[in-house]
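Written below as structure tokens is the structure these notes are about.
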Amino acid sequence: PALEEERRRVTEEYIAVLSREANRLERLSSMPEDERRAMMVALIGATEGLVIDWLAGERRRPPSTIVEALLTVFGPSLG
């Protein structure tokens, strides 16, 4: 339970940082706060999933493929 609480605390802090930074992007700054938060949660979840998949695999692909995948998925939404 303590580890899960810490994971959640860190995730919430990360969401807050991403949300603040997202305000600097014109497209995201016009979104309601709850929609912007949902976008950040999705970004964190996708990032975590890609990193876990990369770590569990044979890691033949460079880590930059994670960034490329995230930009492909989220680039249009982030403007």
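Not measured: the values here are computed from a predicted model. Below, each value reflects all heavy atoms present in this structure, side chains not excepted, and no hydrogens, waters or symmetry copies. Nothing fancy with the numbering, it's 1 onward along the sequence.
Two different hydrophobic clusters hold L43 and L71 under the rule that ILVMFWY side chains link at heavy-atom gaps under 4.5 Å. Under the 4.5 Å side-chain heavy-atom criterion for Ile, Leu, Val, Met, Phe, Trp and Tyr, V17 and L70 are members of distinct hydrophobic clusters. Cluster membership for V67 and L18, using ILVMFWY side-chain heavy atoms within less than 4.5 angstrom, is not shared.
If you take OG1 on T47 and CD1 on I52, they are separated by 11.0 Å, rounding to the nearest 0.5 Å. A distance of 9.5 Å separates CG of D53 from OG1 of T65, quoted to the nearest 0.5 Å. Atom CD1 of I44 and atom CE of M39 lie 12.5 Å apart (nearest 0.5 Å).
Listed by chain and number, the residues in a side chain to side chain donor-acceptor pair (under 3.5 Å) with E4 are R7 (sequence neighbours excluded). Partners of E5 according to the salt bridge (charged side-chain N to carboxylate O under 4.0 Å, His left out) rule, which considers only residues two or more places apart in sequence or in another chain, do not exist here. Under the rule for a side chain to side chain donor-acceptor pair (under 3.5 Å), the partners of E12 that lie at least two apart in sequence or sit in another chain are R8, R37.
Of the possible polar contacts, one joining the W54 side chain to the R61 backbone as a donor-acceptor pair under 3.5 Å is found.
Counted within 6.0 Å of CD on E13, heavy atoms from surrounding residues, nucleotides or ligands total more than 12; the atom is thus considered enclosed.
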